[in-house]
Participant: 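One structure, as structure tokens, below. Some questions next.
All heavy atoms count here, side chains included; hydrogens, waters and symmetry mates do not. Protein chains get the first letters and strands the later ones, always in sequence-line order, with residue 1 at the start of each. Quick caveat, the model's predicted, so the values are computed rather than measured.
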Number of protein chains: 2
Amino acid sequence: MSNPFVQRLEGLACLGEADVRTLEDLCKNPRDVGSKRYIFRESSGASSFPVIISGWAARHQILRNGGRQITRLMLPGDAYYFDATPDSPLHEEVITLSSCRFVQIPHACMERAIKACAPISTAMRNYGCMENAILSSMVVNIGRRDALERMAYLICELHLRLEMIDGAVRDDEFAFPLTQDDMADVLGLTPVHINRKLQQLRQNDIISLRSKRMKILDLPKLRQIAGFNSAYLTQGHSEPHREMVAA
Amino acid sequence: MSNPFVQRLEGLACLGEADVRTLEDLCKNPRDVGSKRYIFRESSGASSFPVIISGWAARHQILRNGGRQITRLMLPGDAYYFDATPDSPLHEEVITLSSCRFVQIPHACMERAIKACAPISTAMRNYGCMENAILSSMVVNIGRRDALERMAYLICELHLRLEMIDGAVRDDEFAFPLTQDDMADVLGLTPVHINRKLQQLRQNDIISLRSKRMKILDLPKLRQIAGFNSAYLTQGHSEPHREMVAA
DNA sequence: CGGAACATTGACGATAATCAAAGCGAGTGG
DNA sequence: CCACTCGCTTTGATTATCGTCAATGTTCCG
């Protein structure tokens, strides 16, 4: 199976054979770690950045009151590529949410690759834009949707992102390593509340989630709750999830 | 006064004289518009992107229930530069929040500049990373801080961003064109709630805000409430704003 | 002067947080 | 193989932050 990071970049710019080889060179010597391991710690002068090959990870920040917010779920092919010359200290850390295989790419090597290959430069720029778009949608999700909508949206987003990875989704079913605590920290809610809303989705036969496997039973309804999908948005102002059974 | 966009990019990469000239060429023919005008509408095939020269603007999304979330406040020098070849439709629009001067840069021209000048390419890549960092901090802010903390954080962030622009801040005082409705849509709250929390900050002599001018009276306390500032974060787990007078 | 947009206030309601306890399930060690 | 533990999930009761609704005030502008 080919490298998901390379595949990702191929989707973001037109790469030549030489570019692909250059990237694959950067991804040699992957490492394996277990769940809940830090693979990037706050340290401004970090000289390399992690790229996820398999498994899930997350970027998060810890607040002074002990609160935690995950800012980005990292799926296979995702990288924590940041400003190569950061003045501002990075508050974010990267932690694995499942067993993971990942590579550490030295910044200097990536810089070299970017200088040498224009398509790689374009791909990385576009990667930043894509991350940006996902972050924007997270802001909207957390800022303006209620708990049920948020959760539905998250599931829709993950479903879509996973579909773009070889063999990650089959019959709308996929591995889902997040604990309810993790989901709470993604969505800005409490674990207890997550639990209750999950059950609401389950009882309405919209999803099933057991032993770290998620199956979407009713994708249209899930998307409707989430207000996902541009098609839905442009269909005019249809009503939110009124027809759902009350909890 | 020099162009704030060029200054911004100069802060993000080391530009040569030729690069600066190229960028200044891109910024010819600015346009002026009044407040609450769209300067970028949802339209996937947009051929140019806006750059703010003076005034404030915002990227936002409108939800199907009429809700609105601002995902990014755009200050002078900020651009809405997105993926040059977007497959996914853009849901975001850019609206001015005050009278604005801005330029529209054709994507093709920016592409050409990026191809021709490596430093510009680097600067734009870093610009994306910087936006990313701001968006991450917005996610944390909205996801895990209460209303008062959120507002304090927003003010701190804007103060810091404005300080980097020539003449925008003087004695911790600056133009602040946001209405309370705008602030609500930035912070994921309601206007009524914004109003009450603003008063809390005013009554504690932390800020003053009158006729679109913000003055920070007690920056340390404001930052303390917000949990801003890495210095503060690393000072150990000090207590949140307990000493504040209850509303 | 009149109107519109924006800000302020109060009363009430609802969503989500908090606290606390019990249940479940997978892996570990005796 | 069973008891035990640990992490995670589930449940109930209670609290509080924030939202909603509605009315009044204020400021700005033509």
Participant: Enumerate, atom names and distances included, each donor-acceptor pair closer than 3.5 Å involving a side-chain atom of residues 28-36 of chain A, sequence neighbours excluded.
Facilitator:
{"from": "Asp32(A)", "atom 1": "OD1", "to": "Arg101(A)", "atom 2": "NE", "distance (Å)": "3.0"}
{"from": "Asp32(A)", "atom 1": "OD2", "to": "Arg101(A)", "atom 2": "NH2", "distance (Å)": "2.9"}
{"from": "Ser35(A)", "atom 1": "OG", "to": "Leu97(A)", "atom 2": "O", "distance (Å)": "3.2"}
{"from": "Lys36(A)", "atom 1": "NZ", "to": "Asp182(A)", "atom 2": "OD1", "distance (Å)": "3.0"}
{"from": "Lys36(A)", "atom 1": "NZ", "to": "Asp182(A)", "atom 2": "OD2", "distance (Å)": "3.0"}

Participant: Run the side-chain contact (heavy atoms from CB on, under 4.5 Å) test against Gln7(A) and tell me which residues pass, sequence neighbours left out.
Facilitator: Ser2(A), Glu10(A), Asp166(A)
Participant: How far does the helix from dC1(C)-dG30(D) to dG30(C)-dC1(D) bend, going by the axes of its first and last five pairs, to the nearest 10°?
Facilitator: 30°
Participant: Sugar-phosphate means primed atoms, P, OP1 and OP2; the rest is base. With that split, encode nucleotides 24-29 of chain D 5' to 3' as B, S or - using protein heavy atoms under 4.0 Å.
Facilitator: ------
Participant: To check you understand the geometry: which heavy-atom pair defines the closest contact between Val94(B) and Met74(B), and what is its length?
Facilitator: CG1-SD, 3.8 Å
Participant: Round to a whole Å and report the spacing from CG of Asn65(A) to C1' of dA17(C).
Facilitator: 13 Å
Participant: What's the spacing between Leu189(B) CG and Met151(B) CE if we round to 0.5 Å?
Facilitator: 8.5 Å
Participant: Would you compute the distance between atom CD1 of Ile216(A) and atom CZ of Phe176(A) and round it to the nearest 0.5 angstrom?
Facilitator: 9.5 Å
Participant: Counting heavy atoms not belonging to Arg37(B), are there more than 12 under 6.0 Å from its CZ?
Facilitator: no
Participant: Take the protein atom CG of Leu189(A) and the nucleotide atom P of dT15(C), then report the distance between them rounded to whole Å.
Facilitator: 14 Å
Participant: What is the distance, rounded to the nearest whole Å, between atom CE of Met183(B) and atom C1' of dC6(C)?
Facilitator: 14 Å
Participant: Would you please test Lys215(A) and Asp171(A) for salt bridge (Lys or Arg N to Asp or Glu O under 4.0 Å) and show each step?
Facilitator: CA-CA 8 Å; Lys215(A) 184 167 172 64; Asp171(A) 290 334; 5.3 Å; no
Participant: Examine Phe49(B) together with Tyr80(B) and report whether their ring centres are nearer than 6.0 Å.
Facilitator: no
Participant: Let me know the distance between NE2 of His193(B) and P of dA7(C), rounded to the nearest Å.
Facilitator: 17 Å
Participant: Calculate the interatomic distance between Arg144(B) atom CZ and dA16(C) atom P; express it in whole Å.
Facilitator: 13 Å
Participant: For a quick check, with a 4.0 angstrom heavy-atom cut-off, what is the B/S/- contact string for nucleotides 6-16 of chain D, read 5' to 3'?
Facilitator: --SSBBBB---
Participant: In whole Å, I'd like the distance from the CG atom of Leu187(B) to the C1' atom of dC18(D).
Facilitator: 13 Å
Participant: With Asp185(B), which residues qualify under side-chain contact (heavy atoms from CB on, under 4.5 Å), at least two apart?
Facilitator: Arg144(A), Arg68(B), Ile70(B)
Participant: For Ile194(B) and dT17(D), give me the distance from atom CD1 to atom P, rounded to whole Å.
Facilitator: 16 Å
Participant: Can a donor-acceptor pair be found between the side chains of Gln200(B) and Lys197(B) at a distance below 3.5 Å?
Facilitator: yes
Participant: Rounded to whole Å, how long is the line connecting atom CG of Leu148(A) with atom C1' of dA14(C)?
Facilitator: 15 Å
Participant: With a 4.0 Å cut-off on heavy atoms, is Gly67(B) in touch with a base, just the backbone sugar-phosphate, or nothing at all?
Facilitator: nothing
Participant: How far apart are the C-alpha atoms of His159(B) and Leu219(B), what are their side-chain angles, what is the distance that settles it, and do they pass the side chain to side chain contact (heavy atoms under 4.5 Å, CB included) test?
Facilitator: CA-CA 10 Å; His159(B) 177 247; Leu219(B) 186 56; 3.8 Å; yes
